[in-house]
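Counting starts at 1 for both ligands and their atoms, in listed order.
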Amino acid sequence: MSPDRPAIVAVDGVFTYQDLDDASRRVASALLDGAADLADARIAFHIPPSFAWVAVRQGIWRAGGVAVPLAISHPAAELEYTIRDSGATQVVVHPSSAALLAPIAAAAGARLLTTDTVLGAPHRAPFPHLSPERRAMLVYTSGTTGRPKGTVIRHANIGAQVASLVNAWGWRTDDRILLVLPMHHVHAILNGLGCALAVRATCEILPAFDVDVVWQRLASGEITVFTAVPTIYRRLIASWEAAPPDVQRTRSEGLRNLRLMMSGSAALPISTLERWREISGHTLLERYGMTELGMALSNPLEGERRPGFVGLPLPDVDVQIVDEDGIQVIEGTPGELEVRGPTVFSEYWERPEETRAAFRNGWFRTGDVAVVEKGYYRLLGRTSVDIIKTGGFKVSALEIEEVLRTHPAIGECAVVGVEDADWGERVCAAVELRDEATLTCEDLQQWAKERLAPYKVPRALRTVEALPRNNMGKVVKPDVAKLF
Ligand code: MLC
Ligand code: AMP
């Protein structure tokens, strides 16, 4: 089937579907190393967004392994945690990250391979037969308990998620998507790459987000689909507004060839939607999703895309809004959003307690509060104040607090998400210092960067005599937020 069609266009070259198939066989052979089936062994990989990333991920699947994508932006401490928690037996790295990953892999007893080695390996068939019920990926996500959890996504989940989106968004073989998002989250992996590969379209992958390069590619007339988080649209708007009038005109005209521009992973403010419409002529299609279930709600491809709303349930996704007792509420009443169906994950990796708590009567409890108004779903917030969305990344206030408490100057602390025009929410920390100690925001950031992903590092710091607490002695987070 169309083996000569370009599958991936990236920093490492232009590759056809035939090239991808061939490369994934080589990778699978290297990983199997003579075995018949990796039998759900976890294979972590640390590769910048590129053809190599895709080939290695496909190769892991072909060999019967479970793919664990590592975040390029993470410091050693977070990488070490993910490798250990997943129990990865092999780690595939781009040569440029070998020095960072080699000691981590060695300490975890995992075999280290570079992309050069696996992509250059001789290929040996046969490969195992994979039933759809087999595990495909562990995607790490932050929650309201402890450290990030590995969300187990099975091949059947991915199949259902991608089929639902291909259908809803009218994916076509002659589509060409521009992918600019980090590849350790489902927005890039499923909505972008997954759909493109499913219909044998072309996926153009940038190594990182760069506003000028993105504008150049969007205005080229070659791209047909784009998906991003609201922060990225705000950056594109700011860049357009700062450009001279002739550049503005060329950019706006260049966007005409796109057939679909989407936003998700965080709330799209109506002002951003409207400004983008003025600049581009496109009404962004906003949709709602989550690592544990892929996408659940979407504005329609054809028909009304209602600003401020996330649309309707996608094909094959059951959605309900319930009260605190799990009883479905009537239209117009806010409640927690629950999701059910073949797209929904089945377990957090080796966390039976947390998995049990995540479901009620077979429904996954998203922790998002929503309401249905005139048939469309609107998100109102979250059931927990301890989940923060910054630039489309989900982070846990509790996880950050746990790390900050190990700082020698910090006695007690509280982390909150504060509304921010650029990031949606900004991670902010209020701390009670130990006797005589001093701490600047810069010092704290430098210290935290070695321990936390960059997007978890607090952007602002307040030192207080005593954190605001209630009668029970519990920190009152809304009062903490008022400090910023
Ligand atoms: C980067 N920084 C962030 C940040 N991203 N801080 C807070 N929140 C973020 N999201 C830090 C950088 O480390 C840097 O710190 C400073 O902010 C400025 O960096 P920058 O160069 O301006 O940022 P950039 O690297 O360009 O990143 C911006 C971004 C990125 C918007 C491109 O945040 C991003 O890719 N977001 C998308 C996340 C995503 O794909 N989420 C999907 C999850 S799946 P310093 O200290 O060095 O200055 C999901 C399900 C669903 O949610 O529904 O899709
Ligand atoms: P993650 O766990 O990183 O996959 O993030 C999932 C969370 O992102 C959801 O639970 C929502 O809180 C949030 N989210 C995703 N899409 C939207 C959207 N369109 N509007 C508001 N929040 C969203």
task = Report the member of Lys456, Arg459, Arg287, Met290 with the shortest heavy-atom distance to atom 48 (O) of ligand 1.
result = Arg459

salt_bridge(Arg235, Asp210) N-O dist < 4.0 Å = no

ask   = Protein heavy atom under 4.0 angstrom of atom 2 (N) of ligand 1, is there one?
value = yes

key: Nearest-neighbour protein heavy atom for atom 5 (O) of ligand 2, which is reported as residue plus atom name and distance   = Lys389 NZ, 2.9 Å

Closest candidate by heavy atom, reference atom 46 (O) of ligand 1, pool Gln445, Arg235, Lys449 = Lys449

Glu402 and Arg405: CA distance, side-chain angles, deciding distance, salt bridge (charged side-chain N to carboxylate O under 4.0 Å, His left out) verdict = CA-CA 5 Å; Glu402 229 161 84; Arg405 279 191 201 103; 5.3 Å; no

key: Plane angle bin for Phe226 and Tyr233 - parallel if under 30°, tilted between 30 and 60°, otherwise perpendicular   = perpendicular

query = What are the atoms of ligand 1, with element, lying closer than 4.0 Å to any heavy atom of Gly391?
reply = 10 (N), 33 (O), 36 (N), 37 (C), 38 (C)

task = Just do the salt bridge (charged side-chain N to carboxylate O under 4.0 Å, His left out) check on Arg451 and Glu78 with the steps written out, would you?
result = CA-CA 7 Å; Arg451 294 157 176 87; Glu78 292 242 23; over 6 Å; no

inquiry  = Within the 4.0 Å heavy-atom shell around Arg287, which atoms of ligand 2 are there?
reply    = 16 (N), 18 (C), 19 (N)

query = How far is atom 6 (C) of ligand 2 from its nearest protein heavy atom, and which residue and atom is that?
reply = Gly289 O, 3.5 Å

key: Nearest neighbour in protein (non-hydrogen) for atom 22 (N) of ligand 2   = Leu379 CD1, 3.6 Å

request  = Would you check whether Thr366 has a nitrogen or oxygen atom less than 3.5 angstrom from a nitrogen or oxygen atom of ligand 2?
outcome  = no

query = Once the angle between the rings of His74 and Tyr455 is folded into 0 to 90°, is it parallel (under 30°), tilted (30 to 60°) or perpendicular (over 60°)?
reply = tilted

key: Protein heavy-atom partner closest to atom 12 (O) of ligand 2 - residue, atom, separation in Å   = Asp368 OD1, 2.7 Å

message = With a 6.0 Å cut-off on the ring centroids, do His155 and Trp61 count as close?
response = yes

request  = State whether Arg382 and Glu425 are salt-bridged, where the test is any N-O pair (Lys NZ or Arg NE/NH1/NH2 against Asp/Glu carboxylate O) under 4.0 Å.
outcome  = yes

task = Run down the list Gln446, Lys389, Lys394 and name the one with the heavy atom closest to atom 52 (O) of ligand 1.
result = Lys389

message = Yes or no: does Glu286 have any heavy atom under 4.0 Å from an atom of ligand 2?
response = yes

Enumerated ligand 1 atoms positioned under 4.0 Å from heavy atoms of Met295 = 51 (C), 53 (O), 54 (O)

Residue and atom name of the nearest protein heavy atom (relative to atom 2 (O) of ligand 2), distance in Å to one decimal = Lys394 CD, 3.0 Å

task = Could you pull out, from Gly143, Ala370, Ser265, the option with a heavy atom nearest to atom 14 (N) of ligand 2?
result = Ser265

task = Say whether Arg172 and Thr224, considering side chains only, have a donor N or O and an acceptor N or O under 3.5 Å apart.
result = no

request  = For atom 15 (O) of ligand 1, decide whether some protein heavy-atom distance is shorter than 4.0 Å.
outcome  = yes

query = For atom 23 (C) of ligand 2, which candidate among Ala266, Gly367, Ser298 provides the closest heavy atom?
reply = Ala266

task = Just go through Gly392, Pro182, Ser73 and tell me whose heavy atom is the nearest to atom 40 (O) of ligand 1.
result = Pro182

Pair Thr82, Asp85: side-chain N/O donor-acceptor within cut-off below 3.5 Å = no

message = For the residue pair Arg365 and Trp363, would you count it as a cation-pi contact if the rule is NZ or CZ under 6.0 angstrom from the ring centre and within 45 degrees of the ring axis?
response = no

task = Consider every N or O of Leu181 and every N or O of ligand 1, then say whether any pair is closer than 3.5 Å.
result = no

remark   = All heavy atoms of Gly143 vs all of Ile387, minimum pair found to be C-CD1, 3.6 Å

query = Numbering the atoms of ligand 2 from 1, which are under 4.0 Å from a heavy atom of Val310?
reply = 19 (N)

query = Does the side chain of Trp276 pick up a donor-acceptor pair with the side chain of Ser263 at under 3.5 Å?
reply = no

note = atom 1 (P) of ligand 2 has as its nearest protein heavy atom Thr291 OG1, 3.4 Å

Ring-face cation contact, Phe484 with Arg426, 6.0 Å cut, 45° max = no

ask   = Which of the numbered atoms in ligand 1 are below 4.0 angstrom from a heavy atom of Pro454?
value = 13 (O)

ask   = Polar-atom distance check: Val229 versus ligand 1, any N or O pair below 3.5 Å?
value = no

request  = Look at atom 33 (O) of ligand 1 and say whether a protein heavy atom is found at less than 4.0 angstrom from it.
outcome  = yes

inquiry  = As an exercise, identify every atom of ligand 2 less than 4.0 angstrom from a heavy atom of Thr141.
reply    = 2 (O)

task = Compare Tyr233, Trp423, Tyr455 and give the one whose heavy atom is closest to atom 18 (C) of ligand 1.
result = Trp423

request  = Report the part of Ile232 (side chain from C-beta onward, or backbone N, CA, C, O) that has a heavy atom under 4.0 Å from ligand 1; answer both or neither where that applies.
outcome  = side chain

request  = Please could you name the atoms of ligand 2 that Ala267 approaches to less than 4.0 Å, counting only its heavy atoms?
outcome  = 20 (N), 21 (C), 22 (N)

Residues Tyr140 and His185: side-chain donor-acceptor under 3.5 angstrom = no

